[in-house]
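Below: one structure, written as structure tokens.
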Amino acid sequence: MRIPCPFCGPRDSREFTYRGDATPVRPPIDTGGGENGDEMSDYIHLRDNPAGAFEELWYHTQGCRKWLRVERDTRTHAVGAARFAHPEHTV
């Protein structure tokens with residue numbers, strides 16, 4: 001599988017570390033009231049495992065050392081676009 005790193009160009013997936021689903025949004029930090037315990041538990045432990053198009057986080061460990069958001073089809077492993085996970089990173 002080849003991942004199109006926006007900085008380094010197309011690279012073998014063995015250069016990267018897979019992190020998982022790129023779509024969950026972390027709930028706000030609890031300020032001591034304990035009101036978001038269930039939300040935080042769901043954020044940490046519950047993940048979707050869809051068949052089809054999916055956006056994932058990958059870290060380019062053996063290259064530019066940047067986090068990428070990669071579009072990948074989980075049925076075929078076909079990789080689509082990849083972009084930096086943090087908007088302040090540019091080529």
Side-chain angles (χ1 to χ4, degrees):
M1 190 167 69
R2 309 248 330 143
I3 296 176
C5 177
F7 189 78
C8 303
R11 296 291 192 257
D12 190 280
S13 63
R14 291 176 287 189
E15 289 188 12
F16 296 83
T17 301
Y18 175 77
R19 177 63 177 114
D21 187 356
T23 58
V25 176
R26 184 185 175 121
I29 294 174
D30 189 353
T31 57
E35 62 274 356
N36 72 342
D38 290 338
E39 290 177 24
M40 185 58 78
S41 178
D42 290 351
Y43 170 76
I44 293 170
H45 301 291
L46 299 180
R47 297 284 189 235
D48 292 331
N49 189 16
F54 195 57
E55 191 172 47
E56 304 169 323
L57 286 172
W58 290 77
Y59 181 68
H60 200 172
T61 313
Q62 301 298 318
C64 61
R65 297 185 180 205
K66 297 195 184 306
W67 283 99
L68 305 178
R69 292 175 78 102
V70 177
E71 297 171 11
R72 183 176 68 91
D73 189 309
T74 59
R75 292 174 294 202
T76 64
H77 295 294
V79 175
R83 66 186 194 284
F84 293 120
H86 302 287
E88 66 273 6
H89 292 155
T90 58
V91 176

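- A distance-only check finds a donor-acceptor pair linking the side chain of D21 to the backbone of T23 [under 3.5 Å].
- Looking only at side-chain heavy atoms (C-beta outward), M1 and R14 stay at 4.5 Å or farther from each other.
- Within the 4.5 Å cutoff, the side chain of R72 has heavy atoms near those of the V79 side chain.
- Closest non-hydrogen pair, T74 versus P50, comes out as OG1-O, 2.8 Å.
- Partner of Y59 under the ring pair (Phe, Tyr, Trp, His ring centres under 6.0 Å) criterion, out of F16, W67, F84, Y18: W67 alone.
- The main-chain N or O of L57 is never found under 3.5 Å from a side-chain atom of R19 such that the two would form a donor-acceptor pair.
- Side-chain N or O atoms of S13 include none that pairs as donor or acceptor with a backbone N or O of I3 at under 3.5 Å.
- Summarising the geometry, atom CG belonging to D12 is positioned 6.0 Å from atom CZ belonging to R2; distances are rounded to the nearest 0.5 Å.
- Residue-environment remark: CZ (R47) exceeds the threshold of 12 foreign heavy atoms within 6.0 Å.
- A82 approaches P6 most closely through the heavy-atom pair O-CG, 3.9 Å.
- Between P27 and E39, the shortest heavy-atom distance links the atoms CB-OE1, 3.6 Å.
- Between K66 atom NZ and H86 atom NE2 the span is 9.5 Å, to the nearest 0.5 Å.
- Nearest approach of H60 to C5, heavy atoms of both residues: ND1-SG, 3.5 Å.
- Nearest approach of P4 to G80, heavy atoms of both residues: CG-O, 3.5 Å.
- For the pair R69 (side chain) and A22 (backbone), a donor-acceptor distance under 3.5 Å is present.
- Around CG of N49, the count of heavy atoms belonging to other residues, nucleotides or ligands within 6.0 Å does not exceed 12.
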